[in-house]
Visitor: 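I have a structure here, written as structure tokens, and I will follow up with some questions on it.
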Amino acid sequence: MELKYRALEGMHDVLPEQSHLWQYVESRWREHCRRYGYREIRTPILETAELFERSVGETSDIVSKEMYVFQRGEERYAMKPEGTAPVVRAYLEHGLYGAGGVHKLYYITPFFRGERPQRGRYRQAHQFGAEILGAAHPLADAELLAMVMDFFLTLGLTPDALELRLNTIGCPECRPAYREAVRNFGHENYTQLCKNCQARLERNPLRILDCKECADITDSAPPIDPYLCDACRTHFESLQNLLKTLEVAYVRDVRLVRGLDYYTRTTFEVIAEQGLGAQNALCGGGRYDGLVAELGGPPTPALGVGIGVERTLLTLQAMQAPLPEPRPIDAYVVAFGEAARPVALKLAQQLRAAQLAAELDLEARSPKAQMRLANRSGARYAILIGDAELQQQNATIKDLQTHEQSVVSQAELSEWIKNHL
RNA sequence: GGGAUCGUAGCUCAGUCGGUUAGAGCGCCUGACUGUGGCUCAGGAGGUCGUGGGUUCGAGUCCCAUCGGUCCCCCCA
């Protein structure tokens, strides 16, 4: 069959075979966030394009070549390419900072990037996000990292399947000097850098550090540590001590710079050792102490994380972490003969009213076909209604595992099944 | 944006050196068993071989183009 319409490149349907797995990780994420004191925020898919140009950065790859932007009337819109900027926008728009204290917000959102798809990378993907707004202390960084690792572990991944990579990229106080140092290093080795990195040297020199192609050259690039200001150094040391206290394992990755412009100080990602192919980052995040002010709000320290839902699922499957089976229905109502069909429908409604999951054949098929459907439905019980049952106002209940049959009055049907499940 | 690779039934695939009505397994439907599922047996439905063009007496098979999937670079969740 030739398909007239298909899902767009890089966009995927989640079919019933898979959707229960999505429901599973989503409910785990919600429960996890609740335990850590987060509340949910939901923001629109569309924002003004400018929001992301200001926050993620006009020169970033995400904004400059991957964002879905379209114009309607005067306004330029963008499909959200990431989750943080909309949350910060909402935080400001609704004056949440006015309530004082720290705001911990979580979300589950689709996001859109026009890249060429590959394993673990899609044009519409989904992300579990968590943001902490108003917390400057490294306690917040430590709690966020611990929460993320805790999440993966409670899903059944083992510590050796994961690697937390941690870095600091300084702040507006100290980063300029470091950026100059990296730029100088780049110019000294200019001819050995790839074309991409030669261009980066002007716009965003730190990005040459996480270019794989130039890794051999940038291995000898200056480290940031001597350039960090006292506040940034103290923050980073304090965070590392807290992680040791919490026994959260990590590796320092001095090349971890990340592609979103708003990050300051802490940056991190979690790598899955197996299951993801080339796109092996399960999550990424960091601190963005300047972003709230950049978007017009009061100076507000903040940090957050985005976890790839598809990548998490791929990893869970590859690592054979325990995953739930879809839940079958409780009972399948079978009608023998035309007169029984309306009664079967009514009994199904009765079961549903009693919180039981019930189904029946909707095509008026033969008894044999209905039994086959009952079997295939995975239901524990088939409820058989024929002339005899109609006469007696009862129902024959067949246990599809043991083949045992019982007869109960129609009025007591729900109660009987509840007691026997 | 660059590259690799693969497109045959709903799914997984076979199809010889180019040869006649394109096959298998699974799944689906019906029956054996007229009020009883799974197992077995018998039968059945389902394919313009991704699409378009070319070579040839003849193309699923060879050539070209094109579309689509997957994966890789890049980038990132």
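Throughout, a chain's letter reflects where its sequence line sits, starting with A, and its residues are numbered from 1. Here the structure is a predicted model, which is why all the values come from computation and not from measurement.
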Visitor: NZ of Lys195(A) versus P of rG2(B): gap in Å, rounded?
Guide: 15 Å

Visitor: Only stems of 3 or more consecutive Watson-Crick or G-U pairs count here, both distances under 3.5 Å; name the ones for RNA chain B, or none.
Guide: B:1-7 with B:67-73, B:10-13 with B:23-26, B:28-32 with B:40-44, B:50-54 with B:62-66

Visitor: Does Arg123(A) reach a base, just sugar-phosphate, or nothing at all? Heavy atoms under 4.0 Å.
Guide: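 The answer is nothing, as Arg123(A) stays clear of every strand by at least 4.0 Å.
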
Visitor: Between the base of rC74(B) and the side chain of Arg121(A), is one N or O donor paired with an acceptor at under 3.5 angstrom?
Guide: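 It does, because a donor-acceptor pair links the side chain of Arg121(A) to the base of rC74(B) below 3.5 Å.
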
Visitor: Considering every strand and a 4.0 Å limit on heavy-atom distances, what is the contact class for Ala374(A): base, sugar-phosphate, or nothing?
Guide: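 Here Ala374(A) touches no strand at all.
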
Visitor: Take atom CD of Glu66(A) and atom P of rG1(B), then tell me their distance rounded to the nearest Å.
Guide: 12 Å

Visitor: Can you tell me how far P of rU70(B) sits from CD of Gln279(A), to the nearest Å?
Guide: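 It works out to 14 Å between those atoms.
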
Visitor: Taking the minimum atom-to-atom distance to the side chain of Arg376(A), which one of rU30(B), rC28(B), rC74(B) wins?
Guide: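 In terms of side-chain proximity for Arg376(A), the closest of rU30(B), rC28(B), rC74(B) is rC28(B).
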
Visitor: Taking atom P of rC76(B) as reference, at what distance in whole Å does atom CG of Leu256(A) sit?
Guide: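 Roughly 11 Å, once rounded to whole Å.
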
Visitor: Starting the side chain at C-beta, find the nucleotide from rC29(B), rC74(B), rC72(B) nearest to Ala278(A).
Guide: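 Of rC29(B), rC74(B), rC72(B), rC72(B) is nearest to the side chain of Ala278(A).
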
Visitor: Hey, are Tyr106(A) and Arg30(A) close enough side-chain-wise for a donor-acceptor pair under 3.5 Å?
Guide: yes

Visitor: Is a donor-acceptor contact shorter than 3.5 angstrom present between the side chain of Arg372(A) and the base of rC29(B)?
Guide: no

Visitor: Could Arg28(A) and Glu31(A) be called an ion pair, given the rule that one side-chain N must be under 4.0 Å from one carboxylate O?
Guide: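 Between Glu31(A) and Arg28(A) there is no salt bridge, as every charged N stays at least 4.0 Å from the carboxylate O atoms.
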
Visitor: Would you list the pairs meeting ring pair (Phe, Tyr, Trp, His ring centres under 6.0 Å) in which at least one residue belongs to residues 330-360 of chain A, sequence neighbours left out?
Guide: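 Found none.
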
Visitor: Which whole-number value in Å describes the distance from Glu9(A) CD to rG50(B) P?
Guide: 20 Å

Visitor: By nearest atom, which of the nucleotides rG1(B), rU36(B), rU30(B) is closest to the Met371(A) side chain?
Guide: rU36(B)

Visitor: Nearest-Å distance, CD1 (Ile397(A)) to C1' (rU36(B))?
Guide: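 Spelled out: CD1 on Ile397(A) to C1' on rU36(B) is 15 Å.
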
Visitor: Roughly how many Å is it from CZ in Arg119(A) to P in rG3(B), rounded to a whole number?
Guide: 24 Å

Visitor: What distance separates Arg165(A) CZ from Phe268(A) CZ, expressed to the nearest 0.5 Å?
Guide: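 Rounded to the nearest 0.5 Å, the CZ-CZ separation comes to 14.0 Å.
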
Visitor: For residues Asn204(A) and Thr59(A), is any side-chain donor paired with an opposing acceptor at under 3.5 Å?
Guide: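 Looking only at side-chain atoms, Thr59(A) and Asn204(A) do not form any donor-acceptor pair under 3.5 Å.
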
Visitor: Base, sugar-phosphate or nothing for Leu373(A)? Non-hydrogen atoms, less than 4.0 Å.
Guide: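 Nothing: the residue Leu373(A), judged by heavy atoms under 4.0 Å, touches no strand.
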
Visitor: Taking atom OH of Tyr97(A) and atom OG1 of Thr300(A), what is their separation to the nearest 0.5 Å?
Guide: 8.5 Å

Visitor: Can a cation-pi geometry be assigned to Lys80(A) and Phe111(A), taking NZ or CZ under 6.0 Å from the six-membered ring centre and within 45° of the ring axis?
Guide: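 No; the conditions do not both hold, so Lys80(A) does not lie above the ring face of Phe111(A).
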
Visitor: Under 3.5 Å between N/O atoms: give me all the protein pairs with nucleotides 32-35 of chain B, atom names plus distance.
Guide:
unit_1	atom_1	unit_2	atom_2	d
rG35(B)	O6	Asp387(A)	N	3.4
rG35(B)	O6	Ala388(A)	N	2.7
rG35(B)	O6	Glu389(A)	OE1	3.3
rG35(B)	N1	Glu389(A)	OE1	2.8
rG35(B)	N1	Glu389(A)	OE2	3.2
rG35(B)	N2	Glu389(A)	OE2	2.9

Visitor: Which value, rounded to the nearest 0.5 Å, describes the distance between Arg35(A) atom CZ and Asp150(A) atom CG?
Guide: 6.0 Å

Visitor: Could you check how far CG of Asp61(A) sits from C1' of rC73(B), rounded to whole Å?
Guide: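 Distance check: Asp61(A) CG to rC73(B) C1' gives 13 Å.
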
Visitor: Would you mind classifying the nucleic acid contact of Arg113(A) as base, sugar-phosphate or nothing, using non-hydrogen atoms under 4.0 angstrom?
Guide: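 Base contact.
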
Visitor: With a 4.0 Å cut-off on heavy atoms, is Gly277(A) in touch with a base, just the backbone sugar-phosphate, or nothing at all?
Guide: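 Result for Gly277(A) = sugar-phosphate.
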
